[in-house]
Protein chains: 4
Amino acid sequence: MDNIKVGVIGATGYAGLELVRLLLGHPDVKVEAVSSVSFEGKEISEVYPQLTGLFDKVLTDDIQVVDRCQVIFGSLPHGLSEPIARRCVDGGKLFIDMGADFRLKKESDYVQWYGGSYQDTALHQMAVYSIPELHRSLVPGAKLIANPGCYVTSVCLGLAPLYQEKIVLPDSLIIDAKSGATGAGRGLTLNTHYTECNEAFAPYKVAAHRHTPEMEQVLSELNGAPVTLTFVPHLLAVNRGIVSTMYLSLADGWDEDKVRELYGQFYEKERFVKLLPKGDIANLKNVKYSNYCHISLHSDPRTGRLIVVSTIDNMVKGAAGQAIQNMNLALGLKEETGLCMTPPAF
Amino acid sequence: MDNIKVGVIGATGYAGLELVRLLLGHPDVKVEAVSSVSFEGKEISEVYPQLTGLFDKVLTDDIQVVDRCQVIFGSLPHGLSEPIARRCVDGGKLFIDMGADFRLKKESDYVQWYGGSYQDTALHQMAVYSIPELHRSLVPGAKLIANPGCYVTSVCLGLAPLYQEKIVLPDSLIIDAKSGATGAGRGLTLNTHYTECNEAFAPYKVAAHRHTPEMEQVLSELNGAPVTLTFVPHLLAVNRGIVSTMYLSLADGWDEDKVRELYGQFYEKERFVKLLPKGDIANLKNVKYSNYCHISLHSDPRTGRLIVVSTIDNMVKGAAGQAIQNMNLALGLKEETGLCMTPPAF
Amino acid sequence: MDNIKVGVIGATGYAGLELVRLLLGHPDVKVEAVSSVSFEGKEISEVYPQLTGLFDKVLTDDIQVVDRCQVIFGSLPHGLSEPIARRCVDGGKLFIDMGADFRLKKESDYVQWYGGSYQDTALHQMAVYSIPELHRSLVPGAKLIANPGCYVTSVCLGLAPLYQEKIVLPDSLIIDAKSGATGAGRGLTLNTHYTECNEAFAPYKVAAHRHTPEMEQVLSELNGAPVTLTFVPHLLAVNRGIVSTMYLSLADGWDEDKVRELYGQFYEKERFVKLLPKGDIANLKNVKYSNYCHISLHSDPRTGRLIVVSTIDNMVKGAAGQAIQNMNLALGLKEETGLCMTPPAF
Amino acid sequence: MDNIKVGVIGATGYAGLELVRLLLGHPDVKVEAVSSVSFEGKEISEVYPQLTGLFDKVLTDDIQVVDRCQVIFGSLPHGLSEPIARRCVDGGKLFIDMGADFRLKKESDYVQWYGGSYQDTALHQMAVYSIPELHRSLVPGAKLIANPGCYVTSVCLGLAPLYQEKIVLPDSLIIDAKSGATGAGRGLTLNTHYTECNEAFAPYKVAAHRHTPEMEQVLSELNGAPVTLTFVPHLLAVNRGIVSTMYLSLADGWDEDKVRELYGQFYEKERFVKLLPKGDIANLKNVKYSNYCHISLHSDPRTGRLIVVSTIDNMVKGAAGQAIQNMNLALGLKEETGLCMTPPAF
């Protein structure tokens with residue numbers, strides 16, 4: 001069988017580049033086309049010399065990516081995906097959107113958090129939002145996939161068993177998350193200027209980050225009832241990775257051991273989610289460069305609270321890796337294909 | 001007037017060294033003696049070459065420090081301070097303990113969290129625990145001062161106005177704190193080996209850190225009623241600084257603006273605590289190398305929670321700087337003496 | 001055809017772990033056994049949790065690795081390889097030594113720089129030293145391979161065309177090299193304690209590093225005449241990578257452009273060595289996680305000197321990657337097999 | 001005596017800010033005015049919140065700084081200093097230029113390396129270039145001081161005894177220097193974007209850096225004969241500090257021990273230059289935040305070369321600290337005034 005032709009729109013952004021990296025290691029696809037608004041006409045290896053000799057394809061415009069490929073990943077600023085998605089869908093291709101344009105089911109949420117509005121509402125109706133471990137059954141055959149946000153992935157994988165079991169006390173959830181600087185993208189800002197970011201640390205967009213409604217959407221659906229949460233992200237002076245430290249209160253009768261058992265069952269067959277043994281603590285360094293999510297559970301015996309630590313690589317499980325997982329599901333490939341590389345420890 | 005003779009026991013540990021640095025810049029004291037178990041007999045500038053030409057004193061044993069000085073700072077592992085403190089007190093000197101031995105008022109807390117027990121109970125009765133902004137009036141004339149823990153300082157300064165006003169809903173407090181690696185000390189561990197700590201991030205001692213009962217002690221006293229809290233510290237790959245992100249629910253009738261006004265009044269005359277303007281976010285980089293605490297207030301309109309971000313330099317306001325502030329108070333010097341150096345930004 | 005059984009002795013050290021990572025991605029081998037003195041009996045994924053679910057093999061003793069595998073990689077402190085190598089050779093297996101025990105052809109050099117002496121001299125006579133780009137023809141069929149030192153690899157690849165052409169003025173060569181902290185290994189030292197290594201920089205073993213005689217051995221052989229050089233390594237506060245900045249004077253009639261042409265021809269067919277275009281500068285970040293060596297050439301028109309910048313990943317091309325390249329050659333596999341993974345940019 | 005009124009033009013750049021920091025700790029001056037093109041009208045503590053409560057002065061335009069102060073430090077991009085200097089000189093004030101406009105004695109060098117030309121040549125004739133340890137006698141009473149470049153300071157202090165003794169073989173000098181990222185300034189560039197600079201390392205402006213002619217000027221004057229050298233700077237992923245590793249050949253009859261004695265005498269009375277004991281190696285971490293230069297000497301017995309390692313803080317001895325040293329000399333203050341603060345170790 002011939003390899004499937006895939007393409008990446010916005011391939012020189014950080015998520016786009018990570019897609020290229022992982023897709024080049026995928027045995028069933030061929031990276032046929034890559035585009036970039038800023039570097040169109042250059043070889044991608046001129047922009048990223050680590051690709052020299054490995055992948056020297058010339059960057060095109062977005063349309064060529066759509067027209068030459070069967071699967072198209074869109075790594076674009078929000079607000080730009082609809083026309084691309086439309087062209088893909090009309091051409092019978094699979095479009096996987098890395099951005100936020102198809103993630104929120106209620107248009108009012110999109111309007112409130114992102115501005116703008118939905119133009120091509122038919123697309124939104126056909127879009128499938130998928131964290132594969134939670135929405136796997138919806139993906140096969142999908143034509144338009146909304147790939148989840150990085151924070152959302154770490155949070156929802158860390159909490160899904162609890163909300164599906166409906167044992168989190170209403171409004172008790174607090175999420176304190178920390179993300180490496182690739183999460184801020186390649187655009188130059190004072191906050192990500194080396195001397196300002198190095199040896200610094202602070203929260204940002206306190207209780208105002210756009211991933212908030214997306215988390216609530218996923219958790220509410222699992223919960224069968226609305227979930228409201230407090231979410232505060234922080235910028236971490238590392239290149240990669242997210243750690244979400246999450247605090248919540250459990251319904252009567254539940255404790256860490258019972259919860260541990262619940263998680264064990266929930267994730268028993270999952271390739272990419274690992275519940276750590278009692279006493280171990282999830283560390284960002286152990287998931288860097290991999291598609292894994294590590295979760296550790298802790299209880300505060302004095303307050304009764306449960307503390308869940310969930311860590312992923314924001315660029316892999318939080319973006320490109322999960323997108324490939326979704327592609328595999330949509331195309332009927334084995335879900336883990338291309339995603340079981342051994343990550344470097346350092 | 002002659003300068004006051006001061007000494008540092010344990011001067012080659014990180015907190016001890018920071019004491020030396022700050023005391024050398026204090027106009028009213030002379031650093032008369034410094035001790036070190038590991039490096040006794042060497043010049044301190046052999047251990048820390050940045051002191052060469054500035055402070056080349058020979059490291060002695062602990063007893064010499066006590067006997068030659070009027071004010072003695074003890075920077076020792078817990079469990080070792082009682083005999084030193086006794087010798088100071090009996091000699092009519094001032095002893096300031098940087099460690100935990102005199103911080104907890106209930107011996108049962110000490111036994112539970114640190115092991116061991118109180119031998120010389122008279123010392124514990126005379127010990128004054130002091131975060132100056134909260135306990136200032138107790139310090140003048142004190143002979144034995146328990147200098148607070150670093151995390152405790154960031155937390156209690158960040159929350160004091162709320163607890164004194166008694167407007168925090170019981171058991172609603174969650175503290176997610178992050179500390180630079182000097183907080184882990186100079187002892188070699190795999191967690192602080194460069195390649196293991198760099199580009200890594202994780203919590204540690206989840207809901208089990210020894211600073212927990214100390215925080216509860218301070219906040220409960222302010223509150224006039226017991227406070228129980230959840231505290232999770234994280235190791236941050238920076239050299240210095242603590243950021244505590246704190247989440248809580250307020251009593252009816254209180255919102256961010258009213259709280260902002262409350263903080264404004266509470267800290268109006270304080271030299272070293274700054275409430276940031278609405279919209280600004282406290283960042284570790286702005287307090288590094290200074291004795292300041294920066295506090296920012298945020299509300300989550302969707303859940304009603306208040307979020308307080310409090311940041312200090314763990315080595316200065318969280319240790320050596322605060323100890324000097326306490327010394328100044330005890331001796332009747334101007335409280336800010338020696339602590340208004342301009343910090344480097346990078 | 002069944003996969004070849006390979007094993008790693010010393011698999012929990014940094015080079016050993018990198019071997020495991022790369023061998024797991026090699027299509028023609030199976031990692032059959034791994035050993036560790038410190039962690040024998042544990043699963044390797046308990047030591048490195050990033051391997052959980054990917055490679056959970058139990059660590060054995062060294063003998064089991066030899067006896068169960070066809071190819072054995074030895075990642076041991078110097079002085080320990082001879083008995084292992086003997087057992088491999090006698091068993092008809094291939095032994096690839098990552099350490100220094102078989103690198104130096106003159107025993108007197110080994111005695112001078114490493115202490116100890118050669119016990120089993122027959123092994124030293126059969127050992128093949130190989131930087132594949134320079135010694136490729138010697139490797140097929142070898143039974144004992146001495147894998148080169150990391151600094152040596154960056155230096156010799158950067159200079160080989162010049163010395164083979166015999167156009168470097170005698171004794172003009174100066175090498176200023178910088179290595180990331182994995183080069184210092186996993187053993188705890190004050191120099192690699194996070195707070196001491198972070199925001200620090202210095203040379204070490206100035207003109208006294210053990211890789212010096214090895215460099216001279218390789219370059220002298222190419223040169224057909226003895227080469228003496230000055231080599232100063234520095235510890236860089238990054239996890240991975242080596243940059244060697246090299247200064248030398250050329251014979252009459254040679255300039256940067258002619259040298260550029262020479263390098264172009266010398267490395268024309270090489271997969272893993274890239275001469276950068278005129279004006280570009282080799283940067284460690286572009287070879288991290290890859291088996292590539294990037295070389296940039298520069299001239300100082302005012303002094304006539306040539307400056308060569310050569311950068312590799314010390315863990316890949318400088319250790320594990322090159323060892324696999326040598327294994328491929330020895331076994332008659334395609335040289336690049338398992339080494340063309342796309343490296344992450346961050 | 002009233003304090004001397006000093007001002008900083010360009011106070012929100014990195015060197016300007018460091019001047020403010022150090023001048024605020026100087027007992028004989030008052031920082032009367034500070035200017036900034038980008039932030040005029042704002043309080044400087046809005047730009048750098050670490051100054052809040054310590055120094056909240058409003059940023060003015062440049063003219064006000066000149067008119068209100070007796071000593072003016074100019075921290076400007078090159079090409080802009082002449083009119084400011086003229087206004088100072090005409091007003092009987094002292095102008096200290098942190099930039100390159102008055103450093104080069106030959107206009108042709110300026111034209112070649114910086115472009116532009118000298119307009120107000122009288123200013124250039126009166127300008128005094130001063131590394132105080134080398135040019136001290138020229139400074140008292142000066143009205144216009146050219147403060148040296150950061151790399152130049154580390155290099156010339158490291159080599160001055162050798163060139164004054166005229167014992168360096170012609171054209172043997174090679175300088176491999178590494179500088180922290182504050183050296184690149186506050187302007188946003190891809191090279192100093194956090195994710196691109198972190199875990200990276202490379203040279204830049206290879207044999208083409210503008211500090212080259214300035215080094216040659218200083219060393220040639222000491223040498224009494226022209227010195228030509230090779231200089232290659234590298235960008236180091238730390239905030240502060242320069243390490244220059246320098247390689248050279250000595251005249252017959254000189255060895256490390258004799259040179260050590262020479263340095264000992266040359267720097268015997270210097271407050272800010274320390275020759276390290278034999279066997280010690282200069283490390284950037286030991287001069288950070290201080291006005292000291294640490295020098296270590298090493299010989300390569302195999303090649304006969306001398307290796308000099310010289311390290312300074314690029315922001316202090318390499319810029320603001322040295323400028324204050326020059327101011328002290330010009331005004332007849334004790335040279336070390338305001339510069340003997342104890343540096344933090346971390």
Side-chain angles (χ1 to χ4, degrees), chain B residues 12 14 17-18 20-25 27 31 45-55 180-182 186 198-199 237-241 270-277 280-292 294 296 313-316 320 336 340-346, chain D residues 12 14 17-18 20-25 27 31 45-55 180-182 186 198-199 238-241 270-277 280-292 294 296 313-316 320 336 339-346:
Chain B
T12 57
Y14 288 164
L17 179 69
E18 191 74 356
V20 169
R21 174 173 87 90
L22 294 176
L23 289 167
L24 288 172
V31 184
S45 56
E46 292 177 75
V47 186
Y48 289 103
Q50 45 274 92
L51 297 179
T52 306
L54 293 166
F55 186 66
T182 47
R186 208 187 194 211
N198 181 40
E199 301 290 306
V238 303
N239 280 354
R240 293 175 166 249
E270 292 299 338
R271 188 73 169 91
F272 296 123
V273 182
K274 289 294 163 199
L275 177 65
L276 302 191
D280 285 8
I281 300 176
N283 189 321
L284 178 159
K285 74 177 165 183
N286 296 329
V287 298
K288 271 190 307 180
Y289 304 109
S290 93
N291 198 49
Y292 277 78
H294 281 192
S296 64
D313 185 316
N314 61 308
M315 305 271 277
V316 187
E336 68 187 37
C340 294
M341 62 284 178
T342 313
F346 304 103
Chain D
T12 57
Y14 288 165
L17 180 69
E18 191 73 356
V20 169
R21 173 174 86 91
L22 294 175
L23 290 167
L24 288 172
V31 184
S45 55
E46 292 177 76
V47 186
Y48 290 103
Q50 45 274 94
L51 298 179
T52 306
L54 294 166
F55 187 68
T182 47
R186 206 185 194 212
N198 181 39
E199 300 290 304
V238 302
N239 279 355
R240 291 176 167 248
E270 291 299 340
R271 187 72 168 92
F272 295 123
V273 182
K274 289 293 164 199
L275 177 64
L276 301 191
D280 285 8
I281 300 176
N283 190 320
L284 178 159
K285 75 176 163 183
N286 296 328
V287 298
K288 270 190 309 181
Y289 303 110
S290 94
N291 199 49
Y292 278 78
H294 282 193
S296 64
D313 185 316
N314 62 309
M315 305 271 278
V316 187
E336 68 188 38
L339 295 170
C340 294
M341 61 285 179
T342 312
F346 303 102

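Order of the sequence lines fixes the chain letters, A, B, ..., with proteins taken first and strands second; residue numbering starts at 1 for each chain. Just so it is clear, the model here is predicted, and its values are computed rather than measured.
Distance check: D/Asn239 CG to B/Asn239 CG gives 10.0 Å after rounding to the nearest 0.5 Å. Atoms CZ and OH, from D/Phe346 and B/Tyr48 in turn, are 4.5 Å apart once rounded to the nearest 0.5 Å. Distance check, rounded to the nearest 0.5 Å: CD of D/Gln50 to CG of B/Asp313 gives 12.0 Å.
The heavy-atom pair separating D/Thr342 from B/Leu54 by the smallest distance is CA-CD1, 4.3 Å.
With a 4.5 Å cut-off on non-hydrogen atoms, B/Arg21 touches chain D through its backbone and its side chain both. Of the atoms belonging to D/Asp280, not a single heavy atom falls under 4.5 Å from chain B. Residue D/Ser290 does not touch chain B at all, counting heavy-atom pairs closer than 4.5 Å. Contacts of D/Phe55 with chain B are absent, with no heavy-atom separation under 4.5 Å from either backbone or side chain. In this structure, the portion of B/Tyr292 lying under 4.5 Å from any heavy atom of chain D is its side chain and not its backbone. For D/Asn286, the parts sitting under 4.5 Å from any heavy atom of chain B are the backbone and the side chain alike. Interface remark: B/Phe272 contributes no atoms to any contact with chain D (heavy atom separation under 4.5 Å).
Of the listed residues B/Pro343, B/Gly25, B/Gly180, the one with more heavy-atom pairs under 4.5 angstrom with chain D than any other is B/Pro343. With chain D as partner, the option from B/Met315, B/Glu18, B/Arg271, B/Lys288 having the largest number of non-hydrogen pairs under 4.5 angstrom is B/Arg271.
Counting heavy atoms from C-beta on, the side chains of B/Glu199 and D/Glu199 come closer than 4.5 Å. Side-chain contact between D/Arg240 and B/Pro344 is present, with heavy atoms from C-beta onward closer than 4.5 Å.
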